[in-house]
Structure formats: structure tokens, C-alpha cells
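In what follows, a single structure is set out as C-alpha cells and then discussed.
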Amino acid sequence: MVKGSELGHPRRCVALAREALEAGDEPFGSVLVAADGTVLAEDRNRVAAGDRTRHPEFEPARWSAAHLTPEERAAATVYTSGEHCPMCAAAHAWVGLGRIVYIASSEQLESWLAELGVPAAPVRALSVREVAPGAAVEGPVPELVEEVRDLHRRCHSDRR
Ligand SMILES: [Zn+2]
């Protein structure tokens with residue numbers, strides 16, 4: 001369970017997702033946090049320019065491989081507004097990052113997007129637990145799910 005005192009990082013993910021939406025990207029944000037609570041890296045979705053791999057979990061994973069020891073990576077937590085897609089879950093596992101805390105699950109996101117009439121993604125929404133069986137995964141974070149849902153609603157209703 002994500003305790004109240006730990007909600008600051010998920011809240012920052014929501015702020016980054018909102019920033020992405022306002023910049024014309026998709027509303028996703030992530031924060032990489034060290035074992036002692038220090039924020040090491042953060043990113044937001046940047047797909048609008050045409051590179052659909054610019055998810056916010058991917059660059060921090062690569063950054064961690066370049067800047068952290070294997071022990072530091074294993075002890076770190078990635079907070080994210082939406083559960084990792086298979087690409088990002090694989091990057092997370094390949095670089096040996098530790099825990100994941102997501103606000104909304106891929107299953108939730110998939111059902112919201114279907115409701116909004118968004119065409120199916122070209123990548124299956126496998127659960128991060130299937131792709132990265134060694135990662136400790138927690139989510140959803142019920143306190144923030146509606147805020148994330150609202151950002152996706154705004155994203156897809158603005159653009160029709
Ligand atoms: Zn991804």
C-alpha cells in the first residue's frame with residue numbers, strides 16, 4: 001500500500017502528466033526516486049513530435065543505467081501516472097530497477113480509452129507483472145485515479 005506520506009511522488013507524476021497534456025503530448029508522467037526518498041529523475045510523455053516511444057518511464061530507465069549502481073537501481077522506486085507499457089516494463093527490468101508504483105493500471109487506461117472511442121494501441125496492454133515478474137509492483141493509487149482519468153478524458157475530447 002502507498003501510505004499518505006508517500007503520495008507526494010504520485011502527485012508529482014500527475015503534475016507532469018498535466019504538463020505533458022498542456023504541451024500537446026499525452027498525459028503521462030513518471031518520477032524515479034532513490035531508496036532515501038531523493039528524486040533522481042523525472043520525465044513526462046513527449047510523443048507529439050512523432051516518436052511514439054517517448055514514454056516517461058523509458059528515459060529514466062536508461063538514465064539509471066548510466067548513473068546508478070546496480071544496488072542503487074534495485075533499491076529505487078519508479079512512480080508513474082499510468083502502469084508501464086510492455087516496452088517500458090522491459091526497460092525497467094533490463095536495467096534492474098526495483099519497485100514500481102502506478103496510479104492507474106493499464107487495464108483501467110485501456111477501458112477509459114475504449115469508452116472515449118480511441119483506436120486500440122499497436123502494443124498489447126500486458127500487465128507489468130507479466131512483463132517484469134521480478135519487479136515489486138503496487139497500484140492503482142485510488143486517491144489519484146480520477147485525476148488521471150480526467151486528464152485522459154481531456155486529452156481525447158480536445159482532439160476530436
Ligand atoms: Zn511505455
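Both ligands and their constituent atoms are indexed starting at 1 by order of listing.
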Item to check | Residue list, ring-ring contact (aromatic ring centres under 6.0 Å, His included) with W63, at least two apart or on another chain | outcome: H67

Item to check | Cut-off under 2.8 Å, centre the Zn ion (ligand 1), protein N/O/S atoms | outcome: H55 ND1, C85 SG, C88 SG

Checklist entry - Rounded to the nearest 0.5 Å, how far does CG of D51 lie from CZ of R46? => result 12.0 Å

Next on the checklist: Do the side chains of R18 and E147 get close enough for a salt bridge, i.e. N-O under 4.0 angstrom?
Outcome noted: yes

Checklist entry - With S111, which residues qualify under side-chain contact (heavy atoms from CB on, under 4.5 Å), at least two apart? => result none

Next on the checklist: Test of understanding: with side-chain contact (heavy atoms from CB on, under 4.5 Å), list the residues that count as partners of E110, not counting sequence neighbours.
Outcome noted: A125

Checklist entry - Between R149 and E115, is there a side-chain N and carboxylate O pair less than 4.0 Å apart? => result yes

